[in-house]
Amino acid sequence: MRAVIAVTGTPGTGKTAVSKLLAKRLNAELLDLNRLIIEKRFYHVDREGVKVAHLKPLRQEVSKRLRNTRGPVVIDGLLSHLLGKKLITRVVVLRTHPKVLKRRLMRRGYSGKKLQDNLESEALDIILWEAVKEHGEKKVIEIDTTGKRPSRVVNMVLKALKGKLSLRPGRISWLEEFYK
Ligand SMILES: Nc1ncnc2c1ncn2[C@@H]1O[C@H](COP(=O)(O)OP(=O)(O)O)[C@@H](O)[C@H]1O
Ligand SMILES: [Mg+2]
């Protein structure tokens with residue numbers, strides 16, 4: 001079975017940086033969900049001005065693209081773990097300590113509620129939880145990227161994909177520090 005690896009995580013955790021490198025190392029095609037959502041206009045803007053992606057057409061489009069290719073694929077995007085069990089062979093959930101994440105997101109111009117919501121989501125393991133719920137523990141790899149360069153993260157992910165390193169989900173918790 002060919003590998004279709006979803007790289008997910010809260011915004012700013014390094015999905016794009018890691019996906020690019022991982023795709024290179026695996027000689028895989030890179031599928032950028034953000035770009036696809038914009039290009040195909042699979043979203044609407046809600047009352048608060050937030051872009052809301054449309055999962056169903058996105059799923060259909062990804063499925064179509066996968067049918068038209070054969071080799072391994074890396075999918076970059078914070079909805080990649082929600083594309084459906086059948087399409088995805090492994091899910092990589094990137095985690096970053098909320099303090100570090102806060103700096104990264106502020107640099108990106110996040111502030112107020114948007115910033116707080118994302119930091120809380122990271123502190124509460126939301127994406128990890130969604131990924132495990134959808135795919136089961138065995139398909140999910142969770143990695144703390146705090147203080148690690150993307151190249152090191154990718155090396156660890158490659159090892160985990162080969163079964164040579166255990167990155168089982170559920171070992172990372174930012175709660176104590178976040179709510180102190
Ligand atoms: N492991 C890392 N260590 C330090 N900075 C990183 C790391 N991964 C990504 N970054 C930086 O953090 C920011 C967010 O990374 P990005 O890959 O765009 O995240 P995402 O795609 O998850 O939103 C970028 O400025 C990137 O250069
Ligand atoms: Mg990105």
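Both ligands and their constituent atoms are indexed starting at 1 by order of listing.
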For residues 7-17, which side-chain donor-acceptor pairs fall under 3.5 Å, sequence neighbours excluded?
from	atom 1	to	atom 2	distance (Å)
Thr8	OG1	His81	ND1	2.9
Thr10	OG1	Glu122	OE1	2.6
Thr13	OG1	Thr10	O	2.7
Lys15	NZ	Gly9	O	3.0
Lys15	NZ	Thr10	O	3.2
Thr16	OG1	Asp76	OD2	2.9

Indicate yes or no for a side-chain donor-acceptor contact from [X] to the backbone of [Y] under 3.5 Å, with no hydrogens or angles considered.
{"X": "Lys139", "Y": "Lys85", "result": "yes"}
{"X": "Arg2", "Y": "Pro72", "result": "no"}
{"X": "Lys164", "Y": "Ala160", "result": "no"}

>> Side-chain heavy atoms nearer than 4.5 Å, only ILVMFWY residues, links allowed to pass through others: does that put Leu26 and Ile143 together?
In response: yes
>> Just to verify, what does His97 make a ring pair (Phe, Tyr, Trp, His ring centres under 6.0 Å) with, not counting sequence neighbours?
In response: Trp174
>> My understanding is that we take every heavy atom of each candidate and find the minimum distance to atom 8 (N) of ligand 1. Doing that for Gly147, Pro11, Gly77, Gly14, which one comes out nearest?
In response: Gly14
> Evaluating non-hydrogen atoms only, which member of Arg149, Lys148, Arg104 is closest to atom 7 (C) of ligand 1?
Replying inline: Arg104
>> If the cut-off is 4.0 Å to any non-hydrogen atom of Pro150, which atoms of ligand 1 fall inside it?
In response: 1 (N), 2 (C), 8 (N)
[X] to ligand 1, any heavy atom closer than 4.0 Å:
{"X": "Gly12", "result": "yes"}
{"X": "Val153", "result": "no"}
{"X": "Arg108", "result": "yes"}

> Between Thr96 and Thr146, is any side-chain donor less than 3.5 angstrom from a side-chain acceptor?
Replying inline: no
>> Applying salt bridge (Lys or Arg N to Asp or Glu O under 4.0 Å), can you list everything that pairs with Lys113, at least two apart in sequence or on another chain?
In response: Asp117
> What protein heavy atom sits nearest atom 17 (O) of ligand 1, and how far off is it?
Replying inline: Ala17 N, 2.9 Å
>> Considering non-hydrogen atoms of the protein only, which is the closest contact for atom 25 (O) of ligand 1, and what is the distance?
In response: Arg107 NH1, 4.6 Å
> Per the side-chain contact (heavy atoms from CB on, under 4.5 Å) rule, which among Leu36, Leu30, Val91, Val62 passes with Ile75?
Replying inline: Val62
> Ignoring waters, how many protein N/O/S atoms are under 2.8 Å from the Mg ion (ligand 2)?
Replying inline: 1
>> For atom 27 (O) of ligand 1, is there a protein heavy atom at a distance under 4.0 Å?
In response: no
> Does Asp125 pair with Arg95 as a salt bridge, N-O distance under 4.0 Å?
Replying inline: yes
